Amino acid sequence: MSAAKAVYPIQILRQTVDISALANNYAAKLLLCHQRGPSGHHIAAGIHAHMIASGFIPRGHIRNRLIDIYSKSSRLSYAEKLFDEIPEPDIVARTTMIASYSASGSPNLAKEIFEKTPLRIRDTVCYNAMIASCCHGNDGHAAVRLFNEMRRKRFEPDCFTFTSTLAALALIATREEQCKQMHCVVLKSGCGLVTSVLNALLSAYVKCAFSPFVSSSSLFASARKLFDEMPVKDKLSWTTMITGHVRNKDLDSAREVFDSMDQDLVVAWNSMISGYVQEGLVVKVFEMFRKMQSLGVKYDDFTYTNALSACADWSLILHGKQIHAYILRIEAKPPTDFMVSVTNALISLYWKCGKVHQARNIFDAACTKDLVSWNAMLSAYVSVGEIDEAKAIFDEMYEKNVLSWTVMISGLAQHGLGEEALKLFNRMKSCGLEPCDYAFSGAITSCAVLASLEQGRQLHGQLIRLGFDSSLSAGNALITMYARCGALDAAYKAFLTMPCLDSVSWNAMIAALGQHGHGAKATELYEEMLEEYILPDRITFLTVLSACSHAGLVDEGKKYFESMKEVYGITPCEDHYARLVDLLARSGRLTEAQNVIQTMPFEAGSQIWEALLSGCRLHGNMDLGVRAAEKLFDMIPKHDGTYILLANMFAAAGRWDSVATVRKFMRDRGVKKEPGCSWLEVEKKVHVFLVDDAVHPEIHQVYKYLEVFVLRLRELGYVPDTKYVLHDIVSEQKEQSLSTHSEKLAVVYGLLKLPREATIRVFKNLRICGDCHNAIKFMSKAESREIIVRDVKRFRHFKDGECSCGDYW
DNA sequence: CTAGGGTTAG
């Protein structure tokens, strides 16, 4: 091999007169360069330079060799230049160029050369190159067409033809007969015993088995038969068969093949382990992991990432830490960087186990980070709600992909920053990135947060145009968006038109019905879900219980609560108990609610006491109410809701002295009430109104209308209810100004600005007050309009002087 | 041929 390294004495070469000897010399040297691989490629460029310097023009096989070497060393432009200089390229030159274009990802240029090649000079190798190029360009159908063409034209397929064409079949993966036909052709040819061809055939069978158009069992049977009869099985044969079974979720068959394996292949171990990880069989994962060690099978990066992701998914921080320690001890000596993928698996292990700080340490210590590392860190901060940190990471990223944007958009949306999320979604598009369906889900959620129905509808339209309308995540987001924008019918329609549903879809729809006060329909849908064999989870029960609570279905709710543990084996958490207490307290069964609190397996938290307190306010149980309030003052002294509920409870009973005491309390402790505000969308713009608003540009028109309107409402029987004065109190002097609650202003604005037939949808950040509730009932009658109000807890539909809540608070 | 980063429901 030292010849390739030799220095070429130019003087000697120049003296050579005999051109053919010179050519032979060059040819021999280039052959050596070719055989040496990448390092030889560099030398070949030097030889070429030498040719130019000495006036030697490369032709024939020397030129072809140079083209080949240049394309393999990613100097495609040199190869192209040499090729273009040939007046009448021979078949080798053309084939070489086809292969070059294929390798550099330009299948169209390869095709151009192929098509310009006259049939009389074509050969099998040339077809092979072109078939491979089609596979490379993901056009399996074109590859199969070429294969058929070459057989029609009586070219003899060889091993390479078969492997490429079989790869094409695996790519299109639609028809079983095609695999079987090809199998016959292979057997009849001389390649029926060649392992690489049989591997390709095996892989085609297995890939076709995942196509929705064929029955996988018969294809797997054929694949298995082929596999069992293979005279020589190599690494690829074993792993293809094992991963085939794993991807078919048939772990038993996979294991059977695995156990019959006569060699120790890390890849096979990894495939088996990843199957167990995906099915959540943690015990099996660790069993395999330990067995590898005792048998002396060396772990690779895939083994580690597999095992670590099992730990992450099951929050097995102790196991994860052990593996981490093992890696540090065995694999790398800090600060040497270990495989990036392992670093990434560690980052995700720590944050998924709630240790974001540790994750950050690993992130900071890593010498090399890739996009996955950055995205993992971004997700970590989003998951714990550290939005500022997440933003910092996002801004710092030198490279972002659709996934990065998706995480950030939905992160913002989840934390209530709907406007910012939508801005980011648009920025993403203006950066020239095509949002995927997950990115859309984030944007749609933002519309739900903002209650912006128009923007939501527009996104829905875009979704359909881009062909994402069958996406599960986007569909689920749409259900919630429509429901939270007050368009329950649209939500239901989205639910019904989805091609497939998962538990999230059902939960979303049940929640939607519940929030809109249709408790009976919500429970009906829940029963339907069970009939579809979808198992309820802890969120299903949260939504079903709230639905029952809003609709006063006390006994049903209790029944569902009982079934949770007894039938479905889900242990109720604090939120479940809080909903049970709410259900009982709201319906006036306060003693029963109290019993639940006393017999619960844990100490009641603030959610539960608040549920009890609001029940007491509703049913005027002062003693119990005060006790609940005291608990809340201990637990969350700065929370304004407690003071307001308590004050309203006293006000309703006319105990004004106590009201004053509560208010003084609040002032002394420096607790500020969250100011009430309401908003609605008019012509794609969101209009916000505050209590006693003086900011909105058209507020005077609203007041003017309201003044006359109230008189008309009084004629219909509306009596302002002064006991709700305190609900929305901001300061002393506002006490008398009942008529200026923000929800009233927003509804009146809607009456003034929206078209006659349009439904008015108003959103409020706090709970609607009793007087407004009453007034809006009259408004809906006086104007014959449908008015929908979403407060912090639920939706109310006002129509013909009635509210969908049936006055059940 | 295998792994590490995403979404939607309360």
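Only a predicted model underlies this, so the values are computations on that prediction, with no experimental measurement involved.
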Gap between atom SG of A:Cys485 and atom CZ of A:Phe763 - 0.5 Å precision:
5.5 Å

Across the strands shown, which category fits A:Lys400 at heavy-atom distances under 4.0 angstrom: base, sugar-phosphate, nothing?
nothing

OP1 or OP2 of B:dG5 less than 4.0 angstrom from a side-chain nitrogen or oxygen of A:Ser348, does that happen here?
yes

Out of B:dA9, B:dT8, B:dG5, minimum distance to the side chain of A:Ala508 belongs to B:dA9

Contact class for A:Leu371 vs. all strands (heavy atom < 4.0 Å): base, sugar-phosphate, or nothing?
base

Mind checking if A:Val407 touches a base, just sugar-phosphate, or nothing, with heavy atoms under 4.0 Å?
sugar-phosphate

Check salt bridge (charged side-chain N to carboxylate O under 4.0 Å, His left out) between A:Glu279 and all other residues, then give those that pass, not counting sequence neighbours.
A:Lys249

Remember a base hit wins even if backbone is also touched, and classify A:Asp437 as base, sugar-phosphate or nothing at under 4.0 Å, heavy atoms.
nothing

Any N or O donor-acceptor pair under 3.5 Å from the base of B:dG10 to the side chain of A:Asp575?
yes

So what does A:Thr240 hit on the nucleic acid, given a heavy-atom distance under 4.0 Å: a base, only sugar-phosphate, or nothing?
nothing

Can you check the A:Tyr438 OH to B:dT8 C1' distance for me, whole Å?
9 Å

With a 3.5 Å cut-off and just heavy-atom distances, do the side chain of A:Ser473 and the base of B:dT7 make a donor-acceptor pair?
yes

Below 4.0 Å: OP1/OP2 of B:dT2 and any side-chain N or O of A:Ser274:
no

For A:Leu580 and B:dG10, what is the distance between atoms CG and P respectively, to the nearest whole Å?
20 Å

Of the candidates B:dC1, B:dG4, B:dA9, the side chain of A:Ser203 sits closest to B:dC1

Choosing from B:dA3, B:dG10, B:dT8, which nucleotide comes nearest the side chain of A:Gln515?
B:dG10

Which of these nucleotides, B:dG4, B:dG10, B:dT8, is closest to any side-chain atom of A:Ala511?
B:dG10

Over 60° means perpendicular and under 30° means parallel, so classify the ring planes of A:His245 and A:Phe220, tilted if in between.
parallel

A:Gln278 has an atom CD; how far is it from atom C1' of B:dT2, in whole Å?
10 Å

Report yes or no: do A:Ser274 and A:Asn306 form a side-chain donor-acceptor pair below 3.5 Å?
no

Using a 4.0 Å heavy-atom cut-off across all strands, classify A:Arg538 as base, sugar-phosphate, or nothing.
base

Got a donor-acceptor pair under 3.5 Å from the side chain of A:Asp370 to the base of B:dG4?
yes

How many whole angstroms separate atom CH2 of A:Trp351 from atom P of B:dG5?
8 Å

State whether a side-chain donor-acceptor pair under 3.5 Å links A:Tyr276 with A:Arg255.
yes

Which nucleotide in the set B:dA3, B:dG10, B:dC1 lies at the smallest distance from any side-chain heavy atom of A:Thr480?
B:dG10

Does OP1 or OP2 of B:dA3 have a side-chain N or O of A:Thr303 closer than 4.0 Å?
no

Which listed nucleotide (B:dG5, B:dG10, B:dA3) is nearest to the side chain of A:Ser379?
B:dG5

Whole angstroms only, please: what is the CG-P distance between A:Leu478 and B:dT7?
17 Å

Please report, rounded to the nearest Å, how far the P atom of B:dG10 is from the CD atom of A:Gln607.
15 Å

Kindly point out which of B:dG10, B:dA9, B:dG5 is positioned nearest to the side chain of A:Lys352?
B:dG5

Is a donor-acceptor contact shorter than 3.5 angstrom present between the side chain of A:Asn306 and the base of B:dA3?
no

Taking only the side-chain heavy atoms of A:Leu542 (C-beta and beyond), determine which of B:dG10, B:dG6, B:dT8 contains the nearest atom.
B:dG10

Electrostatic pair A:Asp395:A:Lys391 at N-O distance under 4.0 angstrom
no

Could you measure the distance from the SG atom of A:Cys548 to the CZ atom of A:Arg586? Nearest 0.5 Å is fine.
11.5 Å

Using whole Å, report how far CZ of A:Phe302 lies from C1' of B:dC1.
9 Å

From the options B:dA9, B:dA3, B:dT2, select the nucleotide whose nearest atom is closest to the side chain of A:Thr243.
B:dT2

Whole angstrom is fine here: how far is it from CE in A:Met288 over to P in B:dT2?
16 Å

Base, sugar-phosphate or nothing for A:Ser404? Non-hydrogen atoms, less than 4.0 Å.
nothing

